[in-house]
K.L.:
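Okay, handing you the structure first.
What you see is a predicted model; the values in this text were computed from it and never measured. By convention in this document, chain letters (A, B, ...) are assigned in the order of the sequence lines, proteins followed by strands, and residues within each chain are numbered from 1.
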2 protein chains.
Amino acid sequence: MNRGYNPADKVFLAVDCIIFGFDNEDLKVLLIKRDFEPEKGKWSLMGGFLKKDETLNDAASRILFKLTGMHNIYMEQLYSFSEVNRDPVARTISTSYYAIINIEKHNEELIANYGAKWFSLAKAPHLIFDHDEMLGKAIRRLRRRTSISPIGFELLPEKFTMRQLQKLYEAILDKELDKRNFINKINSMDILIKLKEKDMSSSTKGSYLYMFDQEKYDDKQTNNFYLKL
Amino acid sequence: MNRGYNPADKVFLAVDCIIFGFDNEDLKVLLIKRDFEPEKGKWSLMGGFLKKDETLNDAASRILFKLTGMHNIYMEQLYSFSEVNRDPVARTISTSYYAIINIEKHNEELIANYGAKWFSLAKAPHLIFDHDEMLGKAIRRLRRRTSISPIGFELLPEKFTMRQLQKLYEAILDKELDKRNFINKINSMDILIKLKEKDMSSSTKGSYLYMFDQEKYDDKQTNNFYLKL
DNA sequence: TCAAAAGTGTTTAGTCTACACCCATGA
DNA sequence: TCATGGGTGTAGACTAAACACTTTTGA
C-alpha cells in the first residue's frame, strides 16, 4: 500500500560544502560569489542538488570536484539543515559537508570561474541563507575532530616543518601552543617521519622536514585516540 | 532563473528515530514491528516522512510523540543516509535522530499499538533497510556524548541511587567501572544533590538517593567538559 | 550471625604544563 | 658579530587508576 509515500511531501535536497585550506598562516575557507539568483552577488558556500542516482557523499564529491578540480578529498557529513523557509525559492533541505584540502593543489582557474575566494576565518563575509551557521558548525566539528584523530595530512604539503604543523594546529584551535610541548605530543603519536632534509626558507639555520607515515597515520585515524592540546 | 531547481530531483525525506531507554540493568532500544509493506513483520526503527511545514526536528518530535506519548524528549540529529536503493519503494533519504527517554514514562498502550518492544542492545534483532547501521552510529554517538556532556537526567527516574547512575554509565559504555573512582568523578562534576532519603529496595542497608541539580546540570550540558571514565 | 549491598581514602603511576637557553647561519 | 628562527629537557602539579575493609540491617 506504500503507506506514507505522498508525492506532495517530496523536497529538494541540496548539498553545501565547507571547504577548508591552510596557507601556512591562517585557516581559510573557500567561498563563492553567486552569479545567479537568488541572492546574486552575495557570498555563499559551494553547493548543488542531490541527483537521482547519487548518494549524498557522491554529490559532495561531485561538487568539490567542480570547484577545486580535485578528487578524493577528505570530507565528512556535518548536519542537515531544514528550516522551512531557509531557501526562498523552494522547500529545500540542505545536508552540509566539510572538506579539507591542500590549498596548493586546487585548480586556480576553476575557482576563478566561480568567482570563488579564500577567506581567513576571522575575515569571512556574511553568507546567504543559513550558511553562516553551517560554517560555524564546521569549525566546531573540525576542532573536535582534531582532538580525536590526527588531521593535517590533507592540509599540508607532502613535506613540512614542525613549525608549519604547529601553526596549522594553532590556526584550527585558534590558540597558541608551546613549541616544546607540541613537539613532544606529536612525537608521542608516532605518525611522523623525520627527514634528513631541511627547509631553509624560513630561517638561516633551517628546519628539518617531516612526512606523515601513511600507514601509522591511517591506523591512528581509524582507531581513534585522544590528543589534548 | 531558479537555476538547478529541477523537480525531477525531488526526493522523499524520512526521519528515523533511535530511542534509548534504561531499565536499571541494560541500555535498551525501542523497535517497532512493521504491520505494513515493505518488509511487513520485520523489526525497524520508528520513522515517518518530513511534512511540508515542519523542520527535521519537528518531524522527529512528532514521530517520538506518536510512539511514546511524550513531549520534549532529549534528541539529537545523527546522520543522513542516502544510499540510492536503501528504500525499495521510492528514492528516500533518511535523516536519523537518536533520543533518550525515561523508560517508565512512556505510554505502554501506544507502543503496544505499534507492536513496539524494548530490546537490550545485545539482543536487538536484525533491522530492515540500513537501520542496523543507524543504530550502530547512534550507540557510538551516545558513548561519545557521555564523555562531553552529562547524560542521565533523561534516562533515570527523578530520584536515583549512585549505583543506578553507575549502572547507567556502565550500560552506555559497556564496561565495568570502579565504584569509588566513579563516585569521585561524578562528585567532582558537581551536578548532583544528595538527599536525606534512602532507597531500601536494593539492600538492607539502603542507599542514599540523589537528584540532578537542574541548574548546574543545564549549565554543564551547554558548556561542555571532558569526563573520562 | 550472616549474607548482601553500601559506603568510604590513599598511594602510585602517568600525563600535562610551564618554563629558558644554546645553536646554526646568512647578512 | 648579530639577528633570526630552530632545537632541546626537566621539575612540579595535577589527574587517573588501582585497590580492601567496615557498615547496616533483614532474614
K.L.:
Check this for me: E83(A), atom CD, are more than 12 non-hydrogen atoms of other residues, nucleotides or ligands nearer than 6.0 Å?
P.N.:
no

K.L.:
Need the bend value for the helix from dT1(C)-dA27(D) to dA27(C)-dT1(D): angle between end axes, 5 pairs each end, nearest 10°.
P.N.:
10°

K.L.:
On DNA chain D, check which nucleotide each of N184(A) and K179(B) is closest to and give me the residue with the more 5' one.
P.N.:
N184(A)

K.L.:
So does K216(A) get a backbone contact from the side chain of D219(A), meaning a donor-acceptor N/O pair under 3.5 Å?
P.N.:
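Pair absent, no side-chain N/O of D219(A) close to backbone of K216(A).
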
K.L.:
Under the side-chain contact (heavy atoms from CB on, under 4.5 Å) rule, collect the residues that match up with S207(B), sequence neighbours excluded.
P.N.:
T161(B), D199(B), S202(B)

K.L.:
Identify the 5'-most and 3'-most nucleotides of DNA chain D with at least one atom closer than 4.0 Å to a non-hydrogen atom of chain A.
P.N.:
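Extent of the interface on DNA chain D: dT4(D) to dG9(D).
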
K.L.:
Check whether Y208(B) forms a cation-pi arrangement with K198(B) (NZ or CZ under 6.0 Å from the six-membered ring centre, at most 45° off the ring normal).
P.N.:
yes

K.L.:
Closest approach to the side chain of Y208(B), judged atom by atom: which nucleotide of dA6(C), dA20(C), dG7(C) is it?
P.N.:
dG7(C)

K.L.:
Take D178(B) and T161(B), find for each the nucleotide of DNA chain C with the closest heavy atom, and name the residue whose nucleotide sits nearer the 5' end.
P.N.:
T161(B)

K.L.:
Going by the rule side-chain contact (heavy atoms from CB on, under 4.5 Å), which residues pair with E197(A) if we only count those two or more places apart in sequence or in a different chain?
P.N.:
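Residues passing side-chain contact (heavy atoms from CB on, under 4.5 Å) with E197(A): K159(A), L195(A), L209(A).
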
K.L.:
In whole angstroms, how far is the P atom of dA20(C) from the CG atom of N181(A)?
P.N.:
13 Å

K.L.:
M162(B) CE to dA5(C) C1': how many Å, rounded?
P.N.:
15 Å

K.L.:
Nearest whole angstrom, please: distance from the C1' of dA6(C) to the CG of L209(B).
P.N.:
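Going from CG in L209(B) over to C1' in dA6(C) covers 13 Å.
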
K.L.:
Taking DNA chain C as the partner, which of residues 186-207 of chain B come within under 4.0 angstrom of it by heavy atom?
P.N.:
K194(B), S202(B), S203(B), T204(B), K205(B), G206(B), S207(B)

K.L.:
Under the side-chain contact (heavy atoms from CB on, under 4.5 Å) criterion, do L165(B) and Y210(B) qualify, and how do the steps go?
P.N.:
CA-CA 9 Å; L165(B) 185 61; Y210(B) 290 80; over 6 Å; no

K.L.:
Does any non-hydrogen side-chain atom of L27(B) lie less than 4.5 Å from one of L142(B)?
P.N.:
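A side-chain contact exists here, since the closest heavy-atom pair is under 4.5 Å.
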
K.L.:
Kindly list each side-chain donor-acceptor pair under 3.5 angstrom involving residues 119-134 of chain B, sequence neighbours excluded, with atom names and distances?
P.N.:
{"unit_1": "S120(B)", "atom_1": "OG", "unit_2": "D26(B)", "atom_2": "OD2", "d": "3.0"}
{"unit_1": "H126(B)", "atom_1": "ND1", "unit_2": "D132(B)", "atom_2": "OD2", "d": "2.6"}
{"unit_1": "D130(B)", "atom_1": "OD1", "unit_2": "R86(B)", "atom_2": "NE", "d": "3.4"}
{"unit_1": "D130(B)", "atom_1": "OD1", "unit_2": "R86(B)", "atom_2": "NH2", "d": "3.0"}
{"unit_1": "D130(B)", "atom_1": "OD2", "unit_2": "R86(B)", "atom_2": "NE", "d": "2.6"}
{"unit_1": "H131(B)", "atom_1": "ND1", "unit_2": "L45(B)", "atom_2": "N", "d": "3.1"}
{"unit_1": "D132(B)", "atom_1": "OD1", "unit_2": "L127(B)", "atom_2": "N", "d": "3.1"}
{"unit_1": "D132(B)", "atom_1": "OD2", "unit_2": "L127(B)", "atom_2": "N", "d": "3.3"}

K.L.:
Going by atom types only, do E109(B) and N113(B) share a side-chain donor-acceptor pair under 3.5 Å?
P.N.:
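No, N113(B) and E109(B) have no side-chain donor paired with an acceptor closer than 3.5 Å.
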
K.L.:
Using atom CD1 of I183(A) as one end and atom P of dT17(C) as the other, report the distance to the nearest whole Å.
P.N.:
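Atom-to-atom, I183(A) to dT17(C), this comes out as 17 Å.
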
K.L.:
Test side-chain contact (heavy atoms from CB on, under 4.5 Å) on I111(B) and L67(B) and set out the steps.
P.N.:
CA-CA 6 Å; I111(B) 83 159; L67(B) 182 57; 4.1 Å; yes

K.L.:
Hey, is NZ on K28(B) packed in by over 12 heavy atoms from elsewhere, all under 6.0 Å?
P.N.:
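Count over threshold, so yes.
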
K.L.:
Between C1' on dG9(C) and NZ on K185(B), what's the gap in Å once rounded to a whole number?
P.N.:
15 Å

